[in-house]
Amino acid sequence: MSATLEKQVIDLHTSTVRVLNSTLQSEDATGAWTILHPEGRHSLAVGLTAPLDVTIDGQAGYYAAGMNQRANVVIKGNAGPGVAENMMSGSVHVEGNASMAAGATAQGGLLVIDGDAGARCGISMKGVSIVVRGSVGHMSGFMAQSGNLVVCGDAGEALGDSLYEARLFVRGTVKSLGADCEEKKMTDEDLAILKDLLKEAGITDYPAESFRRYGSARRLYNFNVDNASAY
Amino acid sequence: MSQNKNSPPRTAPRFSATFDVNTISEIQRAAATGIYDIRGAGTKRKLPHFDDLLFLGASVSRYPLEGYRERCDTDVVLGTRFAKKPIRLKTPVTIAGMSFGALSAQAKEALGRGASAVGTSTTTGDGGMTPEERGHSSTLVYQYLPSRYGMNPDDLRRADAIEVVVGQGAKPGGGGMLLGQKISPRVAKMRNLPEGIDQRSACRHPDWTGPDDLEIKIEELREITNWEKPIYVKVGASRPYYDVSLAVKAGADVIVLDGMQGGTAATQEVFIEHVGLPILSAIRSAVQALQDLGLHRQVQLIVSGGIRSGADMAKALALGADAVAIGTAALIALGDQSPDLAAEYAKLGTVPGAYDDWQEGRDPAGITTQDPELAARLDPILGGRRIANYLSVMTMEAQAIARACGKSHLHNLEPEDLVSLTMEAAAMTKIPLAGTDWYPGKGGF
């Protein structure tokens, strides 16, 4: 297992995003990789398919770790819009804040954001689990289809607007609920899922019992003229 | 002539042009139900169209090609700007994006078989890629839509090109809609949604908002697919000069421009009939945008929305398009609107030629349905042959016209080969009115 112990480095002062991605996407790539001087570049470590451990040593631009499959990516800084968008599996850990649309449409894996996330966190999520240690912006969980969004801080306006079957957990305040989103009873199953996610995200300071659970009221699932003002 | 004073002549019943039979029935329907009408297909109103243009043909001043001996080539290459692996089609008519969900798996397979048989491409739709269509399509374009239903990077890499869908001609500015009747267990699973609910697809992409973001999104898609796949950007015809300019600026290899005659699986009637431009009015300004950027023929233009024949195709190419796409016409070729189904259409309250309740999933032709019994009526092999026949006829028709204009390749057709039949067409296309060298605006108003 020498490959996994060896420190493999790509320095974006001397290399390019194209070289970075083609190297990490290569069938030969294994083990741990560190990306130096990312400096907000876009599309870093996108389309990975192997169980690599990738550390982005600084700030990432748009779509960092986009469409990730199996890799574990750590961003030691802030992430731009669409971090881990459409992730299928693996994990992405943002140590700073994340901009809008974090985890958009992601179908699997775990996205952990240590700071805050901007607007539309988890938009159209399709199975991913997202854990945000801070707060999330407006319209988070918009059209969320399935998966889990955990917010240890507060949620902005219109949380869970047009929500489908995703589970939303918020510990702090919710500025307002979006169309067809309502608070639900925390079931034993919900609590078990939440406890697992907090554990996976390494969050021990908040008990699962201190969160509230939100979900779809399912009133907009079929067109009904009485709901016309909500569409 | 004596007149009976007790019964003076009555006026004949007179119907209003403003309140015509369709208008009256729509008011009655709206009053009874309280909800707008949703239907499939494209606009049904009469619009300026390719019928308003004619080819001149050759004579003393132009030299024709022999119809049965001299070559008239039809091949086209799409995606030459940035993609490492451009798409090569034998004929410049492709199958437009239509979803599995809107269409049965059998219909998608038939489209793939037919397109592959004549060396052209087909396109996925909102809902992802099925193994049937990938397996039966030699060249498959993968749509990347706002909903991202069924979107996964493995399919992205399996595709031959990627089409970022910003809008479609039937509903520029609108998202998709798939009513619960068509959400079968398989469709629901692919889209990760509960069965039987009415699906509203988003109208905006979830992770980018404007042309500057689109540029970064296109770069991400290229990075994920090793810069191999051509990236198309599809827009509904609304502000074609600016939309094409911005899509090119964002890095598109190919622009797909869809006019309001383009079909839809399910959209509000008011949207279909009142939003967007007829394709005839949109091509010239799209071509102008490409010419102003010095990229005409380098960024290819695919035109769709009401293309029905080789003549329509030849006219679109003469106006500056590189290829055309068909959707509704392909469904008709598969068996939609067949007179053989008259008795079954009658049960649905309609007649062959007018069936448009594609959203209901009760299509007796087995095309716009997820009902297993109805879908099984469509034989994908036979359907594929019908599609191949139709595409071949379109190509031969376009060649016949091009040879008559003296062109050895369909792409040599040019605006000078055309005349306009109406003032509207002349104004929209800058093709002179027949018998004149003038179009509205020439020399200034």
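First the proteins, then the strands, lettered A, B, ... as listed; each starts at 1. These numbers come from a predicted model, not from an experiment.
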Report task. Tell me, for B:Arg191 versus chain A, whether the close heavy atoms (under 4.5 Å) come from the side chain, the backbone, both or neither. Result -> backbone

Query raised in the report: Using non-hydrogen atoms only, which part of B:Pro194 is less than 4.5 Å away from chain A: side chain, backbone, both, or neither?
Result: side chain

Report task. Please look at B:Leu221 and chain A and tell me whether the side chain, the backbone, both or neither of the residue comes under 4.5 angstrom of a heavy atom of that chain. Result -> side chain

**Report entry** Basic-acidic side-chain contact under 4.0 Å: B:Arg222, B:Asp253
**Finding:** yes

Report task. Look at the side chain of A:Asp161 and the backbone N and O of A:Met139, then say whether any donor-acceptor pair between them is shorter than 3.5 Å. Result -> no

Query - Heavy-atom contact with chain B under 4.5 Å, split by part of A:Gln145 - result: both

Query raised in the report: Relative to B:Phe100, does B:Arg186 satisfy both conditions: NZ or CZ under 6.0 angstrom from the six-membered ring centre, and within 45 degrees of the ring's axis?
Result: yes

Report summary line: Per-residue tally against chain A (heavy atom, under 4.5 Å) across B:Glu220, B:Met151, B:Arg148 peaks at B:Glu220

Report summary line: Scored by heavy-atom pairs under 4.5 Å with chain B, the best of A:Ala104, A:Ser43, A:Ser22, A:Gly61 is A:Ser43

Query - Top contributor to chain B interface from A:Met100, A:Gln69, A:Met143, A:Gln107 [non-hydrogen pairs under 4.5 Å] - result: A:Gln69

**Report entry** Under 4.5 Å from any heavy atom of chain B - which part of A:Met67
**Finding:** both

**Report entry** Residues A:Asp190 and A:Arg213 bridged, charged N to O under 4.0 Å
**Finding:** yes

Query - Neighbour count above 12 (heavy atom, 6.0 Å) for A:Lys175 NZ - result: no

Requested in this report: Kindly give the heavy-atom pair with the smallest separation between A:Ala98 and A:Ile113, and that separation in Å.
Outcome: CB-CD1, 3.8 Å

**Report entry** Cation-pi check, B:Lys217 onto A:Tyr63 ring (under 6.0 Å, within 45° of axis)
**Finding:** yes

Query raised in the report: So which part of A:Ser146 gets closer than 4.5 Å to some heavy atom of chain B, the side chain, the backbone, both or neither?
Result: both

**Report entry** Flag if over 12 foreign heavy atoms under 6.0 Å of NZ, A:Lys76
**Finding:** no

Query raised in the report: chain B: which of A:Arg18, A:Arg120, A:Gln25 shares the most heavy-atom pairs with it under 4.5 Å?
Result: A:Arg18

Query raised in the report: Heavy-atom distance under 4.5 Å to chain A: side chain of B:Ser147, backbone, both or neither?
Result: backbone

